[in-house]
Protein chains: 2
Amino acid sequence: MRPISDDMRTSMRGAAAVFAERGFDGTTMEALREVTGVPTSTLYYYFEGKEQVLTFLLEDWLDRTAAAAAEAIATERTAKERLGDLVAAQLTAMANDPATCQVLLAELGRIDRLPHIAEAVQSAFHRPVAKLLADGAADRHLRSVDVDVATSVLYGAVIISGLHHIIDARDEVPAFDATEVAASVMDLVLHGLESEE
Amino acid sequence: MRPISDDMRTSMRGAAAVFAERGFDGTTMEALREVTGVPTSTLYYYFEGKEQVLTFLLEDWLDRTAAAAAEAIATERTAKERLGDLVAAQLTAMANDPATCQVLLAELGRIDRLPHIAEAVQSAFHRPVAKLLADGAADRHLRSVDVDVATSVLYGAVIISGLHHIIDARDEVPAFDATEVAASVMDLVLHGLESEE
DNA sequence: CTGTAACTTGTAATATGTTTCCAATACCGA
DNA sequence: TCGGTATTGGAAACATATTACAAGTTACAG
């Protein structure tokens with residue numbers, strides 16, 4: 001893949017929507033040409049094929065999300081509070097780019113064959129959570145739990161809740177109120193389901 | 001789609017593994033013929049196309065999972081206990097058929113265009129959970145929470161935890177110890193992350 | 001200004017794979 | 001046996017990804 005200029009990056013914006021709507025195989029290069037305005041030949045000049053167009057979009061979004069996540073947790077607040085901020089940041093990224101996010105989900109099943117994407121998911125979702133869980137155990141605001149289980153649970157909770165709202169919202173952007181959803185999810189994840197009686 | 005005989009159902013078993021390994025578009029009808037032993041013409045006689053082969057596999061698995069879920073919650077135990085049983089049943093279904101499960105995840109993003117599948121997911125995952133949450137609020141063993149949020153969170157937690165283990169396990173069947181994973185997930189979901197100090 | 005290399009795009013060819021069609025054969029109930 | 005349905009092989013139609021290539025355009029170093 002050749003280096004992508006900012007112009008090209010902007011042109012490719014709309015491509016995610018096509019993948020989201022029609023699925024990978026339902027998306028023709030012709031459709032990408034139509035929506036981006038970039039001629040097919042040019043697409044092949046920059047990308048090695050259709051799949052690379054897709055992975056470019058995913059990595060681009062994941063990188064931005066990872067940056068937002070890193071920023072969200074780099075404060076002086078308690079680990080518990082920062083965990084809420086992190087979830088809110090992740091959901092905000094989802095709400096603001098529902099199409100890409102939907103496509104990412106569609107690739108989750110074969111993520112083991114897309115090492116770059118798997119790594120980017122780690123950076124944007126798992127690693128920040130793992131860090132906060134460790135911090136939280138240290139500052140005593142969070143229970144000490146199995147980090148692997150907890151990151152999976154939290155990742156699943158965030159991504160599926162977000163996807164649920166995205167599908168409900170059809171094509172609106174932002175697809176949902178990230179702060180509100182984050183608050184609901186965090187309430188559940190922090191306090192659990194069990195009655196305190 | 002013509003009615004599928006039990007013989008044919010059995011023949012199609014292996015197909016999910018191909019979809020899981022190569023992805024939908026990477027899977028050729030030729031590969032399906034090879035792995036199932038069913039000639040291409042016959043596949044087209046029964047299914048309207050490649051996509052319908054896939055949705056058949058998903059519905060078949062989801063129907064079985066829904067039945068297992070229904071059975072798991074039809075006991076005299078408390079709602080809290082039955083919730084654990086339900087999660088264990090769902091994870092067992094996943095562990096026993098990792099390929100199909102992986103493919104299901106891969107279709108989650110476009111589930112809004114597969115109404116049958118969406119409905120089957122509701123039956124196998126969301127509705128049983130929703131019922132138990134209501135029961136649990138009634139019998140006071142569970143907190144009264146927003147059902148929509150909680151079902152999404154729980155669904156995400158289960159499916160992503162399961163997928164995580166499936167990917168780790170590569171091709172082993174069962175892919176992981178469902179009882180053990182269910183216990184970890186339930187601990188987290190019931191008690192939450194917050195420290196009780 | 002000019003030459004060179006990189007960028008961009010249209011057109012045409014090729015390769016792969018899905019899907020349709022149809023005729024031949026096997027199977028099965030009345 | 002007869003009539004219909006199920007099953008299958010083979011060929012052909014069709015769509016699309018991908019490659020090849022030539023020609024136009026731009027950026028920029030010298």
Side-chain angles (χ1 to χ4, degrees), chain A residues 1-60 99 103 106-107 109-110 113-114 116-117, chain B residues 1-60 99 103 106-107 109-110 113-114 116-117:
Chain A
M1 187 173 74
R2 288 168 194 272
I4 308 294
S5 71
D6 285 349
D7 281 1
M8 180 64 72
R9 198 175 297 267
T10 313
S11 299
M12 298 307 291
R13 279 278 157 73
V18 184
F19 280 118
E21 182 167 349
R22 311 195 195 175
F24 180 76
D25 54 299
T27 299
T28 65
M29 292 301 276
E30 169 59 19
L32 294 181
R33 183 201 59 71
E34 201 173 316
V35 74
T36 61
V38 180
T40 318
S41 314
T42 308
L43 291 174
Y44 276 101
Y45 180 74
Y46 280 104
F47 305 101
E48 275 164 31
K50 195 165 68 158
E51 173 144 344
Q52 211 179 57
V53 174
L54 185 89
T55 58
F56 164 75
L57 295 170
L58 295 182
E59 275 191 69
D60 193 50
V103 177
E107 296 304 306
R110 34 179 163 159
R113 272 166 301 122
L114 303 172
H116 279 200
I117 303 296
Chain B
M1 188 173 73
R2 288 171 194 269
I4 308 295
S5 72
D6 285 349
D7 281 359
M8 181 62 73
R9 199 176 298 267
T10 313
S11 300
M12 298 307 292
R13 279 278 156 74
V18 184
F19 280 119
E21 183 167 348
R22 312 196 194 174
F24 179 77
D25 53 300
T27 300
T28 66
M29 292 301 278
E30 168 60 17
L32 293 181
R33 184 200 60 70
E34 200 173 318
V35 75
T36 61
V38 180
T40 317
S41 309
T42 309
L43 290 174
Y44 276 99
Y45 181 73
Y46 280 104
F47 306 101
E48 275 164 30
K50 195 165 68 158
E51 173 144 343
Q52 211 179 56
V53 174
L54 184 89
T55 58
F56 164 75
L57 295 170
L58 295 182
E59 275 193 70
D60 193 49
V103 177
E107 296 304 307
R110 33 179 163 163
R113 270 165 304 121
L114 304 171
H116 279 200
I117 304 297

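Letters go in sequence order (proteins before strands), and every chain restarts at 1.
- Taking NZ from A:Lys50 and CG from B:Asp25, the interatomic distance works out to 6.5 Å, rounded to the nearest 0.5 Å.
- The aromatic rings of B:Phe19 and B:Phe24 lie parallel to each other, their planes meeting at an angle below 30°, with 60° marking the opposite boundary.
- Out of D:dG9, C:dC7, C:dG10, the shortest distance to the side chain of B:Pro39 is found at D:dG9.
- Between the P atom of D:dT18 and the NZ atom of A:Lys50 lies a distance of 7 Å, rounded to the nearest Å.
- For the side-chain contact (heavy atoms from CB on, under 4.5 Å) test, residues two or more places apart in sequence or in another chain that qualify with B:Thr40 are B:Met29, B:Arg33, B:Tyr44.
- With A:Thr28 contributing its side chain and A:Ala31 its backbone, the two residues share a donor-acceptor pair below 3.5 Å.
- Environment of CZ in B:Arg9: crowded, with over 12 heavy atoms of neighbouring residues, nucleotides or ligands closer than 6.0 Å.
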**OP:** Give the intermediate values and the outcome of side-chain contact (heavy atoms from CB on, under 4.5 Å) for residues B:Leu32 and B:Leu43.
**Re:** CA-CA 9 Å; B:Leu32 293 181; B:Leu43 290 174; 4.1 Å; yes
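- Annotation: proximity of residues 18-31 of chain B to DNA chain C (heavy atom, distance under 4.0 Å) is found for B:Thr27, B:Thr28, B:Met29, numbered in ascending order.
- Between A:Thr40 and A:Tyr45, the residue anchored nearer the 5' end of DNA chain C, judged by the nucleotide with its closest heavy atom, is A:Tyr45.
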**OP:** With side-chain contact (heavy atoms from CB on, under 4.5 Å) as the test, would you mind laying out the steps for B:Leu114 and B:Glu51 before giving the verdict?
**Re:** CA-CA 10 Å; B:Leu114 304 171; B:Glu51 173 144 343; 3.5 Å; yes
Dump every N/O contact between nucleotides 22-29 of chain C and the protein below 3.5 Å, one line per pair.
none

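- What separates CG of A:Leu32 from P of D:dT18 is a distance of 11 Å, to the nearest Å.
- When each of C:dC7, D:dA17, C:dT18 is scored by its nearest atom to the side-chain atoms of A:Tyr44, the top-ranked nucleotide is D:dA17.
- One atom, CG of A:Leu43, and another, P of D:dT16, lie 16 Å apart when rounded to the nearest Å.
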